Amino acid sequence: MAVNVPSWVNKEFFTTVIRHHTADDKAEVSNFDVKTNAKPGENFVSLILRAEINYTTSIQGAGSLSVVIKLPPTSGIESEFCETSPIYVTEQDMYDGPLHDIDNLLASVGDSAKTHPKLIYQQTEPHRAIVMEDLGAQGYVRITQPLPNYEDSKRVFQRLAKYHAAGFFLIKQKSADLSRFKASMFHMEDSMIRETFLNEPFVVLCDVLTSWGGMDEYVERLRRFREKFIAMGQRLYEPDPNGYNVLNHGDFHIKNLLFKLNGETIEDFFFLDYQVSVVASPCVDLFYALYNMISDENRRARRSEIIHDYYVEFSNTLKSLQFTGNIPSLHDLQMELLRHGQMEVVKCVCFQIFFLLDTAKLSEYLTTGDSKALKAKLFNEPRFKDFINAELPRLVHLGLL
């Protein structure tokens with residue numbers, strides 16, 4: 001389906017962007033070229049545009065700028081969802097403060113790691129828009145499957161640890177009030193989230209397992225689990241005064257990163273899409289990362305190792321920032337993972353499906369009346385069958401299901 005560029009994304013808009021970017025109120029746009037980003041389904045709740053802007057300034061003369069423009073969708077169920085959810089407010093709020101503060105904290109101790117694309121400009125009126133540097137123009141690309149190489153996965157977990165440590169520092173040492181970052185899908189009443197995304201996969205998977213035969217024990221456990229997992233999710237996504245809390249990315253899976261590759265070697269990467277960032281247990285991001293950032297083989301064989309790698313980086317970053325409070329221990333982290341461990345069941349049932357699904361069909365998955373049939377088809381695919389047959393016994397043995 002063709003994407004129409006909104007009429008207000010015009011020369012006047014780009015002039016505002018360039019004047020903000022250059023801090024020159026006399027800068028003028030010479031010309032611009034706008035294109036849709038468009039791989040259907042990859043940005044379900046955003047309209048993504050890319051633009052090349054040529055301009056002149058009163059001091060430096062001619063220049064050019066490649067940007068990505070992120071807008072709320074303008075029609076359909078996607079638009080209805082965005083109108084009732086806080087996701088755009090959250091992301092713009094993240095760019096207005098915490099992301100800038102985190103980068104400054106890390107830079108203050110000589111760490112050049114970046115956690116997000118550079119913000120060029122954003123506005124809330126008359127239309128919401130976020131304008132960022134176009135990393136694609138710099139050769140960054142998406143990787144859509146969990147990383148097979150352990151060392152690459154380790155680097156991602158370590159940067160996540162730095163991000164978490166800086167957020168923890170802001171909350172504990174700087175007394176930053178980040179309590180406004182509190183939304184989660186488990187708190188949303190929207191039927192697309194509550195029913196289609198969360199409840200329906202349990203119903204369909206139970207039917208599929210029944211059809212396989214010999215899975216009655218798991219079916220019964222999943223049915224009982226379904227009655228209580230929304231409340232479990234709400235507990236995970238709420239700050240615990242007796243635990244420790246970080247500013248989570250909130251949707252930390254492989255498709256929300258951009259990578260700079262040199263052949264098969266990952267040179268650098270950035271996090272994207274801070275629309276559901278939340279102050280809560282670090283388990284929010286760690287469960288995402290364990291299932292959707294590292295390969296199944298490495299997660300099963302080296303889970304303790306990668307959690308240890310994450311923790312060491314978290315602790316070392318706090319020490320380098322000269323944090324004066326008590327640093328949570330590795331034992332504390334392991335207890336968090338166990339206390340919220342039942343959310344791993346939700347990852348297996350509700351989230352893995354996104355990594356089996358052709359992204360071009362993502363909107364169909366979320367919006368069509370035949371979503372149950374599509375889920376059943378995916379749950380019956382050999383790749384998912386191998387995955388769930390390996391995970392269900394482990395979840396039972398750990399007392400999580």
Side-chain angles (χ1 to χ4, degrees), residues 91 94-95 97-119 132-133 135 140 143 147 149-174 176 178 181 239 243-254 256-260 266-274 276-290 292-294 302-330 332-334 336-337:
E91 185 157 33
M94 285 289 290
Y95 271 106
L99 292 178
H100 178 75
D101 294 340
I102 285 171
D103 273 0
N104 283 347
L105 275 176
L106 295 176
S108 73
V109 292
D111 194 326
S112 61
K114 300 294 183 182
T115 58
H116 61 279
K118 180 181 178 181
L119 178 69
M132 298 170 284
E133 64 179 329
L135 294 173
Y140 285 79
I143 296 175
L147 301 171
N149 182 287
Y150 178 80
E151 292 303 319
D152 289 336
S153 301
K154 177 178 176 179
R155 288 177 62 200
V156 173
F157 273 78
Q158 287 175 324
R159 190 167 300 181
L160 177 64
K162 293 178 183 181
Y163 173 78
H164 281 177
F168 183 86
F169 185 91
L170 287 173
I171 295 168
K172 290 289 190 178
Q173 188 112 341
K174 297 294 186 180
L178 303 181
F181 298 106
Y244 73 94
N245 307 294
V246 302
L247 178 58
N248 288 276
H249 174 282
D251 197 18
F252 196 71
H253 57 73
I254 192 73
N256 275 342
L257 273 71
L258 280 182
F259 294 88
K260 183 71 171 290
I266 294 175
E267 292 187 344
D268 195 14
F269 51 90
F270 283 82
F271 305 165
L272 302 174
D273 293 341
Y274 292 85
V276 288
S277 295
V278 61
V279 172
S281 167
C283 295
V284 169
D285 282 345
L286 286 173
F287 287 146
Y288 268 100
L290 283 169
N292 303 130
M293 200 69 69
I294 187 171
R302 306 181 73 170
R303 177 189 176 111
S304 295
E305 183 179 352
I306 203 158
I307 292 299
H308 174 267
D309 293 338
Y310 161 90
Y311 173 77
V312 169
E313 195 69 42
F314 177 83
S315 177
N316 286 344
T317 300
L318 284 174
K319 291 173 183 176
S320 69
L321 291 171
Q322 299 184 347
F323 179 64
T324 57
N326 293 322
I327 297 176
S329 67
L330 177 58
D332 292 331
L333 176 60
Q334 295 288 9
E336 284 288 297
L337 289 164

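In what follows, every heavy atom counts, from backbone to side chain, and hydrogens, waters and symmetry copies are set aside. Because the structure is a prediction, the values reported are computed rather than measured.
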For residues 105-113, please give each side-chain donor-acceptor pair under 3.5 Å, one per line with the distance, not counting sequence neighbours.
{"residue": "Ser108", "atom": "OG", "partner": "Leu105", "partner atom": "O", "Å": "2.5"}
{"residue": "Asp111", "atom": "OD1", "partner": "Ala113", "partner atom": "N", "Å": "2.9"}
{"residue": "Asp111", "atom": "OD2", "partner": "Lys162", "partner atom": "NZ", "Å": "2.9"}

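Atom-to-atom distance recorded for Gln334:CD and Ser329:OG is 9.5 Å, nearest 0.5 angstrom. For the atom pair CD1 (Ile102) and CE (Met94), the distance works out to 6.0 Å, reported to the nearest 0.5 Å. For the atom pair CD of Glu336 and SG of Cys283, the computed distance is 5.0 Å after rounding to the nearest 0.5 Å. Expressed to the nearest 0.5 Å, how far CG of Leu290 lies from CG of Leu337 amounts to 7.0 Å. With values rounded to the nearest 0.5 angstrom, Ile254 atom CD1 is found 5.0 Å from Met293 atom CE. If you take CD1 on Ile266 and OG on Ser153, they are separated by 8.0 Å, rounding to the nearest 0.5 Å.
Closest of all the heavy-atom pairs between His100 and His116 is N-CE1, 4.5 Å. For the residue pair Tyr244 and Leu333, the shortest heavy atom distance occurs at OH-CD1, 3.1 Å. Between Leu321 and Phe169, the closest heavy-atom pair is O-CE1, 3.4 Å. In terms of heavy-atom proximity, Ala161 sits nearest to Phe314 at CB-N, 3.6 Å.
At a threshold of 4.5 Å between non-hydrogen side-chain atoms, the residues Asp251 and Asp273 do not count as touching. In this structure, the side chains of Leu286 and Leu160 come closer than 4.5 Å at one or more pairs of heavy atoms. Looking at Thr115 and Phe270, their side chains never come closer than 4.5 Å, going by heavy atoms from C-beta outward. Considering only heavy atoms from C-beta on, His308 stays 4.5 Å or farther from Ile306 through its side chain. Using a 4.5 Å heavy-atom cutoff, the side chains of Ile171 and Val279 are in contact. Two residues are said to be in side-chain contact when any heavy atoms from C-beta on lie closer than 4.5 Å; Leu247 and Leu170 fail this criterion. Contact of the Pro328 side chain with the Phe168 side chain is registered, since non-hydrogen atoms from C-beta on lie closer than 4.5 Å. For the pair Ile143 and Leu257, the minimum side-chain heavy-atom distance is 4.5 Å or more.
The aromatic rings of Phe259 and Phe269 sit tilted, their planes meeting at an angle between 30° and 60°. Ring geometry, Tyr95 versus Tyr274: the interplanar angle exceeds 60°, so the pair is classed perpendicular (tilted spans 30 to 60°).
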Under the criterion side chain to side chain contact (heavy atoms under 4.5 Å, CB included), I'd like the reasoning laid out for Lys154 against Gln158: C-alpha separation, chi angles, the key distance, then a yes or no. CA-CA 6 Å; Lys154 177 178 176 179; Gln158 287 175 324; 3.4 Å; yes
Is there a side chain to side chain contact (heavy atoms under 4.5 Å, CB included) between Ile294 and Arg303? Walk through the geometry before answering. CA-CA 9 Å; Ile294 187 171; Arg303 177 189 176 111; over 6 Å; no
Test side chain to side chain contact (heavy atoms under 4.5 Å, CB included) on Asp309 and Phe157; report intermediate values, then the result. CA-CA 8 Å; Asp309 293 338; Phe157 273 78; 5.9 Å; no
Asp268 vs Arg155, test: salt bridge (charged side-chain N to carboxylate O under 4.0 Å, His left out). Steps then yes/no. CA-CA 9 Å; Asp268 195 14; Arg155 288 177 62 200; 5.1 Å; no
Kindly indicate, with the supporting measurements, whether the criterion side chain to side chain contact (heavy atoms under 4.5 Å, CB included) is fulfilled by Leu147 and Val156. CA-CA 10 Å; Leu147 301 171; Val156 173; 3.9 Å; yes
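For Asn248 and Tyr163, the side-chain atoms include no donor-acceptor pair closer than 3.5 Å. In this structure, a donor-acceptor pair under 3.5 Å is absent between the side chains of Asn256 and Tyr288.
In this view, Glu267 and Asn262 satisfy the side-chain hydrogen bond (donor to acceptor under 3.5 Å, both in side chains) rule, not counting sequence neighbours.
Sorted by first and then second residue, the side-chain hydrogen bond (donor to acceptor under 3.5 Å, both in side chains) pairs with a member in residues 310-326 read His164-Tyr310, Gln173-Thr324; sequence neighbours excluded.
The closest donor-acceptor contact from the side chain of Ser277 to the backbone of Gly250 lies at 3.5 Å or more, if one exists at all.
Phe252 has its ring centre no less than 6.0 Å from the ring centre of Phe287.
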